[in-house]
Amino acid sequence: MQTPALPDLAHTAAKPMHWLATAAAMAGVVALAGLLQPRTATATATAPERRTTTQHGAPAPAPDPAGVEFPLECGGAGSTVAKKASGDLDGDGRPETVAVVHCAAGSGTPPGGIYVLTQSSGAAPRVVATLVDPADRKTVGDFAVRDGVVSATLLGYSSLDVPRCCPDQEEQASWRWKGQAFVRTSGDLARSV
């Protein structure tokens, strides 16, 4: 029998303590990643010169999505506003808020919706448009509101065989207000990731 030229490597005869230390380190990395999430997307439109102001001359505030009832079926789990951005989308001088909302699933990647909110003077904010319906089974990646355009990266699945953790399709989409409705101006074709 020939003896190996190299000594046994430590990782080839790992003991339970090694695996416990590895598991603890991985749990720490996952916990730290959960705490270091990116801030929500924010943007402001720069377009129209005429701005709606309050009685005290300050610009009118953008609608706050906190108390809005979104058209989202979550089965008692509640909903989460994952991202929001504001800007004057229709050129009336008053800012709208665009919110990315999904069910508060606790884990996994629930599909989301993109909703446009408006608010009249003294009234509560309300949903005026659904740009992405959660029934489309898409999740929203990058998201922004700039110069009156809402843009988003939509992630989806090519079949039911693809694990729900790992979308395999990516689509760039944008919407602009034209006349009486939001019109999708790009990103009609999905592409594989």
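The figures here come from the full heavy-atom set of this structure, side chains too, leaving out hydrogens, waters and symmetry mates. The chain is numbered in sequence order, starting from 1.
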Rounded to the nearest 0.5 Å, how far does [atom2] of [Y] lie from [atom1] of [X]?
X	Y	atom1	atom2	value
Leu131	Asp136	CG	CG	11.0 Å
Glu171	Leu155	CD	CG	9.5 Å
Phe182	Ile114	CZ	CD1	11.5 Å
Leu89	Trp177	CG	CH2	9.5 Å
Cys103	Phe70	SG	CZ	12.0 Å
Glu170	Thr153	CD	OG1	5.5 Å

Run Asp90 and Asp88 through side-chain contact (heavy atoms from CB on, under 4.5 Å) and show every step you take.
CA-CA 6 Å; Asp90 58 4; Asp88 184 5; 3.1 Å; yes

Atom of [X], atom of [Y] and distance for their closest heavy-atom approach:
X	Y	answer
Tyr157	Cys166	CE2-C, 3.7 Å
Gln119	Ala123	NE2-O, 2.8 Å
Pro63	Leu117	CG-O, 3.7 Å
Pro110	Thr139	O-CG2, 3.4 Å
Leu72	His102	CD2-C, 3.8 Å
Ala173	Arg184	CB-NH2, 3.3 Å

Does one hydrophobic cluster hold both Val145 and Val128, with members joined at side-chain heavy-atom distances below 4.5 Å?
yes

CA sep, side-chain torsions, deciding dist, call: Val68, Tyr115, side-chain contact (heavy atoms from CB on, under 4.5 Å)
CA-CA 11 Å; Val68 175; Tyr115 303 99; over 6 Å; no

Should Asp64 and Lys84 be marked as a side-chain contact (heavy atoms from CB on, under 4.5 Å) after you check the CA-CA gap, both sets of side-chain angles, and the distance that decides it?
CA-CA 9 Å; Asp64 183 6; Lys84 66 180 181 177; 4.1 Å; yes

Is there side-chain contact between Pro125 and Thr118, with at least one heavy-atom pair below 4.5 Å?
no

Please tell me whether Ser121 and Arg94 have a donor and an acceptor in their side chains that are separated by less than 3.5 angstrom.
yes

Would you say the side-chain atoms of Ser158 and Gln169 include a donor-acceptor pair closer than 3.5 Å?
no

Would you check if the side chain of Thr80 reaches a backbone N or O of Ala82 as a donor-acceptor pair within less than 3.5 Å?
no

